[in-house]
S.K.: 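Next up is a structure, given as C-alpha coordinates.
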Amino acid sequence: MSFQLSEEQRAIRRTVREFGEAEIEPVAREHDENREYPHDLVQQAAEMDLVATGIPIEYGGAGMDLLSSVVVTEELWRADPGIGSAISSRGFGSTMIERFGDEWMKDEWLPKIASGDAACASAISEPAHGSNVAGMETRAEQDGDEYVLNGNKMWITNGTIADVAVVMAKTDPGAGHEGITAFLVPTDLDGFSAEKIDNKLGIRASDLAELILDDVRVPAENVVGTENAGFYQLMDFFAAGRVSVAAQAVGTAQAALDAALEYAGEREQFDQPIAEFQAIQHKLAEMATTVEAARSLTYRAATYAMDGDDQLAAKFASMAKLFASEHAVDVADEAIQVHGGAGYVSDHPVERYYRDARITKIYEGTSEIQKNIVADQLL
(Lines give C-alpha, C1' and ligand atoms only; values in the text may rest on other atoms or scores of the structure.)
Protein backbone atom coordinates (compact mmCIF):
# COMPACT_ATOMS: atom_id res chain seq x y z
CA MET A 1 0.00 0.00 0.00
CA SER A 2 1.45 3.35 -1.05
CA PHE A 3 1.32 6.43 1.14
CA GLN A 4 2.64 8.99 -1.32
CA LEU A 5 1.39 12.50 -0.72
CA SER A 6 -0.73 14.19 -3.34
CA GLU A 7 0.53 17.29 -5.12
CA GLU A 8 -1.78 19.38 -2.93
CA GLN A 9 -0.32 17.84 0.21
CA ARG A 10 3.21 18.41 -1.05
CA ALA A 11 2.27 22.04 -1.65
CA ILE A 12 0.95 22.26 1.90
CA ARG A 13 4.27 20.89 3.16
CA ARG A 14 6.23 23.49 1.20
CA THR A 15 4.04 26.31 2.47
CA VAL A 16 4.33 25.29 6.12
CA ARG A 17 8.06 24.68 5.82
CA GLU A 18 8.63 28.14 4.35
CA PHE A 19 6.57 29.67 7.14
CA GLY A 20 8.49 27.69 9.74
CA GLU A 21 11.91 28.60 8.39
CA ALA A 22 11.09 32.29 7.90
CA GLU A 23 8.97 33.03 10.98
CA ILE A 24 9.25 30.30 13.62
CA GLU A 25 12.86 29.12 13.67
CA PRO A 26 14.40 32.59 14.21
CA VAL A 27 12.41 33.16 17.44
CA ALA A 28 12.12 29.58 18.74
CA ARG A 29 14.88 29.80 21.34
CA GLU A 30 13.57 33.11 22.65
CA HIS A 31 10.04 31.76 23.16
CA ASP A 32 11.40 28.63 24.84
CA GLU A 33 13.64 30.52 27.26
CA ASN A 34 10.99 33.11 28.10
CA ARG A 35 8.14 30.56 28.21
CA GLU A 36 6.25 32.98 25.99
CA TYR A 37 3.10 32.08 24.10
CA PRO A 38 3.47 33.07 20.41
CA HIS A 39 0.29 35.10 19.93
CA ASP A 40 1.51 36.85 16.76
CA LEU A 41 2.67 33.62 15.12
CA VAL A 42 -0.61 31.90 15.95
CA GLN A 43 -2.47 34.72 14.22
CA GLN A 44 -0.20 34.49 11.17
CA ALA A 45 -0.75 30.75 11.06
CA ALA A 46 -4.53 31.25 11.27
CA GLU A 47 -4.41 33.62 8.32
CA MET A 48 -2.69 30.82 6.37
CA ASP A 49 -5.37 28.26 7.38
CA LEU A 50 -2.91 26.38 9.59
CA VAL A 51 -4.99 26.54 12.80
CA ALA A 52 -7.54 23.78 13.49
CA THR A 53 -7.04 22.60 9.93
CA GLY A 54 -9.83 20.02 10.07
CA ILE A 55 -12.61 22.55 10.64
CA PRO A 56 -14.92 22.36 7.59
CA ILE A 57 -14.82 25.10 4.98
CA GLU A 58 -18.41 26.12 5.71
CA TYR A 59 -17.31 27.18 9.19
CA GLY A 60 -14.30 29.12 7.96
CA GLY A 61 -11.75 26.32 8.26
CA ALA A 62 -9.39 24.74 5.76
CA GLY A 63 -11.37 21.49 5.64
CA MET A 64 -8.21 19.38 5.45
CA ASP A 65 -8.33 15.62 5.73
CA LEU A 66 -6.33 13.92 8.48
CA LEU A 67 -3.26 13.17 6.37
CA SER A 68 -3.00 16.79 5.24
CA SER A 69 -3.36 17.93 8.85
CA VAL A 70 -0.64 15.47 9.84
CA VAL A 71 1.69 17.09 7.31
CA VAL A 72 0.95 20.53 8.77
CA THR A 73 1.62 19.31 12.31
CA GLU A 74 4.82 17.55 11.30
CA GLU A 75 6.23 20.66 9.63
CA LEU A 76 5.21 23.01 12.44
CA TRP A 77 6.97 20.79 14.97
CA ARG A 78 9.97 20.48 12.68
CA ALA A 79 10.28 24.27 12.81
CA ASP A 80 9.94 24.25 16.60
CA PRO A 81 7.97 21.88 18.83
CA GLY A 82 6.99 24.54 21.38
CA ILE A 83 5.61 27.04 18.90
CA GLY A 84 4.37 24.18 16.74
CA SER A 85 2.39 22.93 19.72
CA ALA A 86 0.88 26.35 20.35
CA ILE A 87 -0.34 26.54 16.75
CA SER A 88 -1.39 22.94 16.16
CA SER A 89 -3.21 22.67 19.50
CA ARG A 90 -5.09 25.95 19.20
CA GLY A 91 -8.27 24.11 18.24
CA PHE A 92 -8.18 21.32 20.85
CA GLY A 93 -11.79 20.33 21.48
CA SER A 94 -13.10 21.75 18.21
CA THR A 95 -13.41 18.26 16.71
CA MET A 96 -15.83 17.33 19.48
CA ILE A 97 -17.86 20.46 18.72
CA GLU A 98 -17.81 19.84 14.97
CA ARG A 99 -18.73 16.18 15.19
CA PHE A 100 -21.22 16.11 18.06
CA GLY A 101 -22.21 19.68 18.85
CA ASP A 102 -25.50 21.36 18.02
CA GLU A 103 -25.55 23.70 15.05
CA TRP A 104 -25.53 26.80 17.25
CA MET A 105 -22.29 25.61 18.87
CA LYS A 106 -20.64 25.17 15.49
CA ASP A 107 -21.89 28.53 14.19
CA GLU A 108 -20.76 30.38 17.29
CA TRP A 109 -17.34 28.84 17.92
CA LEU A 110 -15.83 27.09 14.90
CA PRO A 111 -15.35 30.23 12.75
CA LYS A 112 -13.72 32.04 15.68
CA ILE A 113 -11.34 29.14 16.33
CA ALA A 114 -10.41 28.76 12.65
CA SER A 115 -9.72 32.49 12.30
CA GLY A 116 -7.52 32.56 15.38
CA ASP A 117 -9.92 34.88 17.19
CA ALA A 118 -10.65 32.24 19.85
CA ALA A 119 -8.77 29.36 21.42
CA CYS A 120 -10.35 26.10 22.55
CA ALA A 121 -9.32 23.62 25.23
CA SER A 122 -10.20 19.99 25.82
CA ALA A 123 -10.50 19.27 29.55
CA ILE A 124 -10.22 15.55 30.25
CA SER A 125 -7.26 14.70 32.54
CA GLU A 126 -7.38 15.36 36.27
CA PRO A 127 -4.77 15.52 39.05
CA ALA A 128 -5.41 11.88 39.99
CA HIS A 129 -6.69 10.55 36.66
CA GLY A 130 -4.80 10.62 33.38
CA SER A 131 -4.91 7.40 31.42
CA ASN A 132 -7.88 6.23 33.52
CA VAL A 133 -10.46 8.52 31.96
CA ALA A 134 -13.32 6.57 33.54
CA GLY A 135 -12.01 7.43 37.00
CA MET A 136 -12.52 11.17 36.63
CA GLU A 137 -14.00 12.93 39.65
CA THR A 138 -15.36 16.14 38.11
CA ARG A 139 -19.11 16.18 38.57
CA ALA A 140 -21.99 17.81 36.70
CA GLU A 141 -25.28 17.86 38.56
CA GLN A 142 -28.47 18.98 36.88
CA ASP A 143 -30.30 21.84 38.56
CA GLY A 144 -33.41 22.73 36.61
CA ASP A 145 -32.40 23.79 33.12
CA GLU A 146 -28.74 24.08 34.11
CA TYR A 147 -25.85 21.84 35.06
CA VAL A 148 -23.49 22.73 37.90
CA LEU A 149 -19.89 21.63 37.35
CA ASN A 150 -17.36 21.05 40.13
CA GLY A 151 -13.86 19.60 39.95
CA ASN A 152 -10.29 20.10 38.79
CA LYS A 153 -8.75 19.40 35.39
CA MET A 154 -4.99 19.00 35.03
CA TRP A 155 -2.44 19.33 32.20
CA ILE A 156 -4.88 21.27 30.04
CA THR A 157 -3.35 22.72 26.88
CA ASN A 158 -4.55 26.31 26.22
CA GLY A 159 -5.87 26.41 29.79
CA THR A 160 -5.15 30.10 30.45
CA ILE A 161 -5.78 31.40 26.94
CA ALA A 162 -8.88 29.42 25.96
CA ASP A 163 -12.14 31.23 25.30
CA VAL A 164 -14.13 28.01 25.47
CA ALA A 165 -13.46 24.51 26.77
CA VAL A 166 -15.03 21.14 26.15
CA VAL A 167 -15.16 19.75 29.68
CA MET A 168 -15.72 16.08 30.43
CA ALA A 169 -17.62 15.45 33.66
CA LYS A 170 -19.50 12.66 35.41
CA THR A 171 -23.27 13.01 35.17
CA ASP A 172 -23.83 9.47 36.46
CA PRO A 173 -20.96 8.84 38.94
CA GLY A 174 -21.87 5.21 39.53
CA ALA A 175 -21.78 4.24 35.86
CA GLY A 176 -18.03 4.45 35.26
CA HIS A 177 -17.14 5.39 31.68
CA GLU A 178 -20.82 5.17 30.74
CA GLY A 179 -21.65 8.13 32.97
CA ILE A 180 -19.43 10.80 31.35
CA THR A 181 -20.83 13.82 29.49
CA ALA A 182 -19.13 16.54 27.44
CA PHE A 183 -20.04 20.16 28.13
CA LEU A 184 -19.33 23.35 26.20
CA VAL A 185 -18.03 25.77 28.82
CA PRO A 186 -17.12 29.39 28.00
CA THR A 187 -14.15 30.30 30.19
CA ASP A 188 -15.58 33.65 31.30
CA LEU A 189 -18.29 32.00 33.40
CA ASP A 190 -18.36 32.56 37.15
CA GLY A 191 -16.46 29.85 39.02
CA PHE A 192 -14.14 28.99 36.12
CA SER A 193 -10.46 29.71 36.73
CA ALA A 194 -7.10 28.55 35.39
CA GLU A 195 -3.68 28.35 37.04
CA LYS A 196 -0.77 28.36 34.60
CA ILE A 197 1.77 25.51 34.78
CA ASP A 198 5.09 27.13 33.96
CA ASN A 199 7.73 24.65 35.12
CA LYS A 200 7.59 22.34 32.11
CA LEU A 201 10.58 20.39 30.80
CA GLY A 202 9.73 21.18 27.18
CA ILE A 203 7.29 22.74 24.66
CA ARG A 204 7.51 25.84 26.83
CA ALA A 205 5.93 28.17 24.27
CA SER A 206 2.69 26.20 24.54
CA ASP A 207 0.17 27.11 27.23
CA LEU A 208 -0.59 24.58 29.99
CA ALA A 209 -2.77 24.94 33.06
CA GLU A 210 -4.85 23.43 35.80
CA LEU A 211 -8.54 24.29 35.56
CA ILE A 212 -10.69 24.82 38.64
CA LEU A 213 -14.45 24.45 38.29
CA ASP A 214 -16.25 25.84 41.33
CA ASP A 215 -20.03 25.72 40.91
CA VAL A 216 -19.79 26.62 37.22
CA ARG A 217 -23.29 26.82 35.80
CA VAL A 218 -23.97 26.03 32.14
CA PRO A 219 -27.32 25.73 30.37
CA ALA A 220 -28.55 22.21 29.64
CA GLU A 221 -28.29 23.04 25.94
CA ASN A 222 -24.48 23.14 26.40
CA VAL A 223 -24.28 19.36 26.53
CA VAL A 224 -22.14 18.35 23.56
CA GLY A 225 -23.72 15.32 21.95
CA THR A 226 -25.66 13.03 24.24
CA GLU A 227 -25.70 12.89 28.03
CA ASN A 228 -23.59 10.01 29.38
CA ALA A 229 -22.09 9.36 25.93
CA GLY A 230 -19.00 11.51 26.35
CA PHE A 231 -16.56 8.61 26.68
CA TYR A 232 -17.76 7.00 23.46
CA GLN A 233 -17.64 10.35 21.70
CA LEU A 234 -13.99 10.68 22.76
CA MET A 235 -13.21 7.22 21.47
CA ASP A 236 -14.55 8.28 18.08
CA PHE A 237 -11.46 10.38 17.39
CA PHE A 238 -8.80 9.10 19.78
CA ALA A 239 -7.09 7.47 16.79
CA ALA A 240 -6.79 10.83 15.03
CA GLY A 241 -5.36 12.40 18.19
CA ARG A 242 -2.72 9.72 18.51
CA VAL A 243 -1.78 10.02 14.85
CA SER A 244 -1.33 13.75 15.41
CA VAL A 245 1.04 13.11 18.30
CA ALA A 246 2.96 10.69 16.10
CA ALA A 247 3.29 13.51 13.57
CA GLN A 248 4.60 15.79 16.32
CA ALA A 249 7.22 13.19 17.17
CA VAL A 250 8.21 12.77 13.51
CA GLY A 251 8.63 16.52 13.11
CA THR A 252 10.77 16.78 16.22
CA ALA A 253 12.93 13.83 15.19
CA GLN A 254 13.40 15.33 11.72
CA ALA A 255 14.48 18.63 13.27
CA ALA A 256 17.03 16.82 15.44
CA LEU A 257 18.35 14.91 12.43
CA ASP A 258 18.61 18.12 10.39
CA ALA A 259 20.59 19.78 13.17
CA ALA A 260 22.91 16.79 13.52
CA LEU A 261 23.57 16.68 9.77
CA GLU A 262 24.40 20.37 9.67
CA TYR A 263 26.67 20.23 12.69
CA ALA A 264 28.49 17.11 11.49
CA GLY A 265 29.31 18.87 8.24
CA GLU A 266 30.70 21.93 10.02
CA ARG A 267 32.46 20.51 13.08
CA GLU A 268 36.05 19.47 12.46
CA GLN A 269 38.22 17.10 14.45
CA PHE A 270 41.59 15.70 13.41
CA ASP A 271 41.60 18.07 10.40
CA GLN A 272 38.37 16.84 8.87
CA PRO A 273 34.60 17.27 9.35
CA ILE A 274 33.24 14.72 11.79
CA ALA A 275 30.73 13.70 9.08
CA GLU A 276 33.63 11.90 7.40
CA PHE A 277 34.06 9.52 10.32
CA GLN A 278 32.20 6.25 9.89
CA ALA A 279 30.99 6.26 13.49
CA ILE A 280 29.12 9.52 12.86
CA GLN A 281 27.91 8.38 9.45
CA HIS A 282 26.38 5.26 10.99
CA LYS A 283 24.60 7.32 13.63
CA LEU A 284 23.16 9.62 10.98
CA ALA A 285 22.12 6.67 8.81
CA GLU A 286 20.28 5.00 11.68
CA MET A 287 18.62 8.26 12.68
CA ALA A 288 17.43 8.92 9.13
CA THR A 289 16.10 5.38 8.73
CA THR A 290 14.20 5.61 11.99
CA VAL A 291 12.63 8.95 11.04
CA GLU A 292 11.47 7.60 7.70
CA ALA A 293 10.02 4.48 9.32
CA ALA A 294 8.12 6.60 11.84
CA ARG A 295 6.84 8.88 9.09
CA SER A 296 5.65 5.96 6.96
CA LEU A 297 3.83 4.34 9.88
CA THR A 298 2.24 7.67 10.82
CA TYR A 299 0.97 8.30 7.30
CA ARG A 300 -0.36 4.74 7.12
CA ALA A 301 -2.20 5.20 10.42
CA ALA A 302 -3.68 8.47 9.17
CA THR A 303 -4.91 6.71 6.04
CA TYR A 304 -6.62 3.95 8.02
CA ALA A 305 -8.27 6.54 10.26
CA MET A 306 -9.61 8.35 7.20
CA ASP A 307 -10.87 5.10 5.67
CA GLY A 308 -13.14 4.55 8.66
CA ASP A 309 -11.90 1.11 9.68
CA ASP A 310 -12.07 1.62 13.44
CA GLN A 311 -10.16 -1.52 14.37
CA LEU A 312 -7.26 -0.95 12.00
CA ALA A 313 -7.25 2.77 12.82
CA ALA A 314 -6.98 2.10 16.56
CA LYS A 315 -4.17 -0.43 16.13
CA PHE A 316 -2.06 1.55 13.70
CA ALA A 317 -2.62 4.87 15.49
CA SER A 318 -1.26 3.32 18.69
CA MET A 319 1.60 1.69 16.79
CA ALA A 320 2.49 4.99 15.15
CA LYS A 321 2.25 6.96 18.36
CA LEU A 322 4.33 4.39 20.24
CA PHE A 323 7.04 4.01 17.61
CA ALA A 324 7.34 7.66 16.61
CA SER A 325 7.41 9.02 20.16
CA GLU A 326 9.85 6.49 21.55
CA HIS A 327 12.22 6.96 18.62
CA ALA A 328 11.91 10.75 18.55
CA VAL A 329 13.55 10.75 21.97
CA ASP A 330 16.19 8.32 20.71
CA VAL A 331 16.95 10.41 17.62
CA ALA A 332 17.18 13.61 19.67
CA ASP A 333 19.50 11.83 22.09
CA GLU A 334 21.76 10.75 19.24
CA ALA A 335 21.69 14.30 17.84
CA ILE A 336 23.07 15.51 21.16
CA GLN A 337 25.75 12.82 20.96
CA VAL A 338 26.78 14.00 17.49
CA HIS A 339 27.15 17.52 18.89
CA GLY A 340 29.17 16.29 21.86
CA GLY A 341 29.46 18.86 24.65
CA ALA A 342 27.99 21.54 22.40
CA GLY A 343 24.72 19.59 22.34
CA TYR A 344 24.33 19.74 26.09
CA VAL A 345 23.91 23.53 26.22
CA SER A 346 21.32 25.82 24.70
CA ASP A 347 23.69 27.29 22.11
CA HIS A 348 22.36 24.61 19.76
CA PRO A 349 18.70 23.56 19.40
CA VAL A 350 19.21 19.82 19.92
CA GLU A 351 18.95 20.05 23.71
CA ARG A 352 15.57 21.70 23.19
CA TYR A 353 14.45 18.99 20.77
CA TYR A 354 15.41 16.36 23.36
CA ARG A 355 13.31 18.09 26.01
CA ASP A 356 10.42 18.69 23.63
CA ALA A 357 10.34 15.16 22.25
CA ARG A 358 9.83 13.63 25.69
CA ILE A 359 6.23 14.74 26.08
CA THR A 360 5.12 12.75 23.03
CA LYS A 361 5.64 9.54 25.02
CA ILE A 362 3.14 10.72 27.64
CA TYR A 363 0.10 12.62 26.41
CA GLU A 364 -2.76 11.19 24.33
CA GLY A 365 -2.03 7.93 26.13
CA THR A 366 1.34 6.87 27.47
CA SER A 367 3.58 4.41 25.63
CA GLU A 368 2.44 1.75 28.08
CA ILE A 369 -1.21 2.38 27.20
CA GLN A 370 -0.38 2.18 23.48
CA LYS A 371 1.24 -1.23 24.03
CA ASN A 372 -1.91 -2.42 25.79
CA ILE A 373 -4.06 -1.29 22.86
CA VAL A 374 -1.84 -2.95 20.26
CA ALA A 375 -1.68 -6.16 22.29
CA ASP A 376 -5.48 -6.22 22.59
CA GLN A 377 -5.72 -6.04 18.82
CA LEU A 378 -3.23 -8.88 18.38
CA LEU A 379 -4.52 -11.37 20.94
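Source: prediction; values computed, not measured. Atoms considered below: every heavy atom in the structure, side chains included; atoms not considered: hydrogens, waters and symmetry mates.
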S.K.: Enumerate, atom names and distances included, each donor-acceptor pair closer than 3.5 Å involving a side-chain atom of residues 269-286, sequence neighbours excluded.
M.R.:
from	atom 1	to	atom 2	distance (Å)
Gln281	NE2	Ala275	O	3.1
Lys283	NZ	Glu334	OE1	3.2
Lys283	NZ	Glu334	OE2	3.4

S.K.: For Glu33, which of Glu36, Glu30, Arg29 qualifies under side chain to side chain contact (heavy atoms under 4.5 Å, CB included)?
M.R.: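 One option only clears the test, and that one is Arg29.
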
S.K.: Report the residues that fulfil side-chain contact (heavy atoms from CB on, under 4.5 Å) with Glu326, sequence neighbours left out, ordered by chain and then residue number.
M.R.: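 Here the qualifying residues are Leu322, Lys361, Ser367.
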
S.K.: Check ring pair (Phe, Tyr, Trp, His ring centres under 6.0 Å) between Phe316 and all other residues, then give those that pass, not counting sequence neighbours.
M.R.: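 With sequence neighbours excluded, Phe316 shows a ring pair (Phe, Tyr, Trp, His ring centres under 6.0 Å) to Tyr304, given in chain and number order.
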
S.K.: Which other residues end up in the same hydrophobic cluster as Ile373, if Ile, Leu, Val, Met, Phe, Trp and Tyr are linked when side-chain heavy atoms come under 4.5 Å apart?
M.R.: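 Ile369, listed by chain and number.
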
S.K.: List in chain and number order the residues that pass ring pair (Phe, Tyr, Trp, His ring centres under 6.0 Å) with His31, two or more places apart in sequence or in another chain; answer none if no residue qualifies.
M.R.: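 Here no residue qualifies.
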
S.K.: Report, one line per pair, each donor and acceptor closer than 3.5 Å where one atom sits in a side chain of residues 212-228; sequence neighbours left out.
M.R.:
from	atom 1	to	atom 2	distance (Å)
Asp215	OD1	Asn150	ND2	3.0
Arg217	NH1	Asp143	OD2	3.1
Arg217	NH1	Glu146	OE1	2.9
Arg217	NH2	Asp143	OD2	2.9
Asn222	ND2	Leu184	O	2.7
Glu227	OE2	Tyr147	OH	2.2
Asn228	OD1	Thr171	OG1	2.5

S.K.: Quick one: side-chain contact (heavy atoms from CB on, under 4.5 Å) partners of Ala121, sequence neighbours excluded?
M.R.: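 Scan of Ala121 (side-chain contact (heavy atoms from CB on, under 4.5 Å), adjacent residues dropped) gives Ile156, Asn158, Ala162, Ala165.
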
S.K.: Between side-chain atoms of residues 101-109 and protein atoms elsewhere (two or more places apart, or another chain), which donor-acceptor pairs fall under 3.5 Å?
M.R.:
from	atom 1	to	atom 2	distance (Å)
Glu103	OE1	Tyr59	OH	3.3
Glu103	OE2	Tyr59	OH	2.6
Lys106	NZ	Glu98	O	3.2

S.K.: Return the set of residues passing ring pair (Phe, Tyr, Trp, His ring centres under 6.0 Å) with Phe323 (not counting sequence neighbours), or none when no residue passes.
M.R.: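 For Phe323 the ring pair (Phe, Tyr, Trp, His ring centres under 6.0 Å) partners, ignoring immediate neighbours, are His327.
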
S.K.: Side chains of residues 90-97: which donor-acceptor partners sit under 3.5 Å, not counting sequence neighbours?
M.R.:
from	atom 1	to	atom 2	distance (Å)
Arg90	NH1	Tyr37	OH	3.0
Arg90	NH2	Gly116	O	3.0
Ser94	OG	Gly91	O	2.6

S.K.: Verify whether one side chain among Thr138 and Glu126 offers a donor that lies under 3.5 Å from an acceptor in the other.
M.R.: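 Thr138 vs Glu126: donor-acceptor pair found between side chains.
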
S.K.: Could you tell me if Gln254 and Asp258 have a donor-acceptor pair between their side chains, going purely by distance under 3.5 Å?
M.R.: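 The criterion, which ignores hydrogens and geometry beyond distance, is satisfied for Gln254 and Asp258.
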
S.K.: Distance-only check: which donor-acceptor pairs under 3.5 Å involve side-chain atoms of residues 190-201, not counting sequence neighbours?
M.R.:
from	atom 1	to	atom 2	distance (Å)
Lys196	NZ	Asp207	OD1	2.9
Lys200	NZ	Ile203	O	2.7
Lys200	NZ	Ser206	O	2.6

S.K.: Not counting sequence neighbours, which residues clear ring pair (Phe, Tyr, Trp, His ring centres under 6.0 Å) with Tyr232? List them please.
M.R.: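 Checked Tyr232 against ring pair (Phe, Tyr, Trp, His ring centres under 6.0 Å); matches are His177.
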
